[in-house]
Enquirer: 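I am attaching a structure below and will ask some questions about it afterwards.
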Amino acid sequence: MTDQTLVPGAMNFRDVGGLPAGDGRTRFGVLYRSGNLAALEEPGTEAFRGLGVRRIIDLRDDEEVERSPSRVDGMDLQMQRVPLYLGSISSFFQQDASLAQFYREIVEDSADQVVEVVRSVLADQPVLVHCTVGKDRTGVTVALTLLAAGVDREAVIADYARTESMLPAERNEMIIERLRAAFPDSENLVELATRSPAHVMRGLLDDLTTRYGGPVEYLRAKGLRDDEIAELRRVLIES
């Protein structure tokens with residue numbers, strides 16, 4: 001079964017298993033990432049139930065959750081809300097911010113929430129981390145989780161960049177048309193709404209290296225403990 005059909009109706013849903021981590025690789029069936037679960041119909045809910053997910057970490061704000069509630073009622077799992085960016089997402093379109101600016105604000109202004117997400121991956125497995133599209137907030141937190149577990153940097157960057165190929169073209173066209181009507185002068189609109197370029201994630205990791213010594217050192221500086229880092233490696237990596 002391909003990632004595209006793993007959970008029908010869930011955008012950008014995938015297992016991060018199989019990524020190289022030194023002499024090992026990430027385990028399958030432990031950590032999933034995706035966009036929201038608001039469009040699941042019966043085939044999708046049954047497929048999702050079959051994965052045995054025990055915890056969902058939802059990075060969306062209250063307005064997003066109210067507008068697009070997850071269709072997981074009746075499932076035996078823990079729902080954890082960690083609104084990752086506490087400002088208005090639309091403000092980035094208004095400011096015509098770049099993805100690089102957005103990501104830097106996430107790691108600085110929402111550092112406590114970033115660490116909470118990484119730490120919460122240890123609470124239950126299998127675990128799903130998701131936001132609305134599974135591109136930016138999910139992309140940053142999953143990348144940092146994987147790096148803390150010892151996954152090879154270039155593999156983490158490639159997993160982030162993969163999102164762009166998993167967003168349906170018709171969805172992109174509809175979103176761009178709607179946003180262009182609201183923000184006609186935005187130069188970064190298409191990138192913010194539809195792109196996940198490798199160079200943007202590479203730039204974020206380089207910036208964390210310059211300012212903190214590396215992504216894992218950033219997490220340590222923001223409160224992640226060494227025993228938690230060791231446990232992430234135990235849980236996520238197999239020989």
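Since this is a predicted model, take the numbers as computed values, not measurements.
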Enquirer: If Ile, Leu, Val, Met, Phe, Trp and Tyr residues are connected whenever their side-chain heavy atoms lie under 4.5 Å apart, and connections chain through other members, are Val129 and Phe28 in the same group?
Expert: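 No, Val129 and Phe28 fall in different hydrophobic clusters.
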Enquirer: So Leu19 and Val156, do their side chains get closer than 4.5 Å, heavy atoms only?
Expert: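 Counting from C-beta outward, Val156 and Leu19 never come under 4.5 Å.
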Enquirer: Is Asp61 reaching over with its side chain to a backbone N or O of Pro83, donor-acceptor style, under 3.5 angstrom?
Expert: no
Enquirer: Phe13 vs Tyr32 aromatic rings, parallel, tilted or perpendicular, using cut-offs 30° and 60°?
Expert: tilted
Enquirer: What's the verdict on salt bridge (Lys or Arg N to Asp or Glu O under 4.0 Å) for Asp206 and Arg153, showing C-alpha distance, side-chain angles and the deciding distance?
Expert: CA-CA 11 Å; Asp206 287 345; Arg153 173 183 155 117; 2.6 Å; yes
Enquirer: Does the Lys135 side chain pair with the main chain of Glu164, one donor and one acceptor, at a distance under 3.5 Å?
Expert: no
Enquirer: Is it the case that the side chains of Asp96 and Ser186 hold a donor-acceptor pair, with the cut-off being a distance below 3.5 Å and no angle test?
Expert: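 Yes.
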Enquirer: Would you find a donor on one side and an acceptor on the other, under 3.5 Å apart, between the side chain of Gln101 and the backbone of Ser98?
Expert: yes
Enquirer: Are Val65 and Met79 co-members of a hydrophobic cluster defined by side-chain heavy atoms under 4.5 Å apart?
Expert: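 No: no chain of side-chain contacts under 4.5 Å links Met79 to Val65.
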Enquirer: Compute whether any side-chain donor of one residue and acceptor of the other, for Ser196 and Arg162, lie under 3.5 angstrom apart.
Expert: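 On atom types as modelled, these side chains do not qualify, holding no pair under 3.5 Å.
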Enquirer: Do any N or O atoms from the side chain of Arg180 and from the backbone of Leu189 form a donor-acceptor pair under 3.5 angstrom?
Expert: no
Enquirer: Between Arg27 and Ile237, is there a donor-acceptor pair closer than 3.5 Å when you use the side chain of the first and the backbone of the second?
Expert: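 Answer holds: yes.
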Enquirer: Is there a side-chain contact between Tyr103 and Asp207 (heavy atoms, below 4.5 Å)?
Expert: no
Enquirer: For Thr45 and Glu42, which I'm curious about, is there any donor-acceptor pair between the side chains at under 3.5 Å?
Expert: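 No, Glu42 and Thr45 have no side-chain donor paired with an acceptor closer than 3.5 Å.
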Enquirer: Using the salt bridge (Lys or Arg N to Asp or Glu O under 4.0 Å) rule, take Arg49 and Glu46 through it: C-alpha gap first, then chi angles, then the decisive distance, then the call.
Expert: CA-CA 5 Å; Arg49 186 178 284 108; Glu46 286 305 306; 2.5 Å; yes
Enquirer: Please answer whether the main-chain N or O of Ser68 pairs with a side-chain N or O of Arg60 as donor and acceptor at a distance below 3.5 Å.
Expert: yes
Enquirer: Would you say the side-chain atoms of Glu228 pair up with the backbone N or O of Arg225, donor to acceptor, closer than 3.5 Å?
Expert: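 At least one qualifying donor-acceptor pair exists.
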Enquirer: Go through it in stages, so that I can follow the logic: the residues are Thr194 and Arg171, the test is side chain to side chain donor-acceptor pair (under 3.5 Å), and I'd like the CA-CA distance, side-chain angles, deciding distance and then a yes or no.
Expert: CA-CA 9 Å; Thr194 67; Arg171 173 263 173 198; 5.9 Å; no
Enquirer: Main chain of Arg33, side chain of Thr138: is a donor-acceptor contact present, judged purely on distance under 3.5 Å?
Expert: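 Not confirmed, Thr138 side chain does not pair with Arg33 backbone.
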Enquirer: Quick one: does any side-chain atom of Glu105 pair with a main-chain N or O of Phe102 as donor and acceptor, under 3.5 Å?
Expert: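 Flag not set: sc Glu105 to bb Phe102 has no pair under 3.5 Å.
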Enquirer: Applying side-chain contact (heavy atoms from CB on, under 4.5 Å) to Asn188 and Leu99, what does each step give before you reach the verdict?
Expert: CA-CA 8 Å; Asn188 293 305; Leu99 272 183; over 6 Å; no
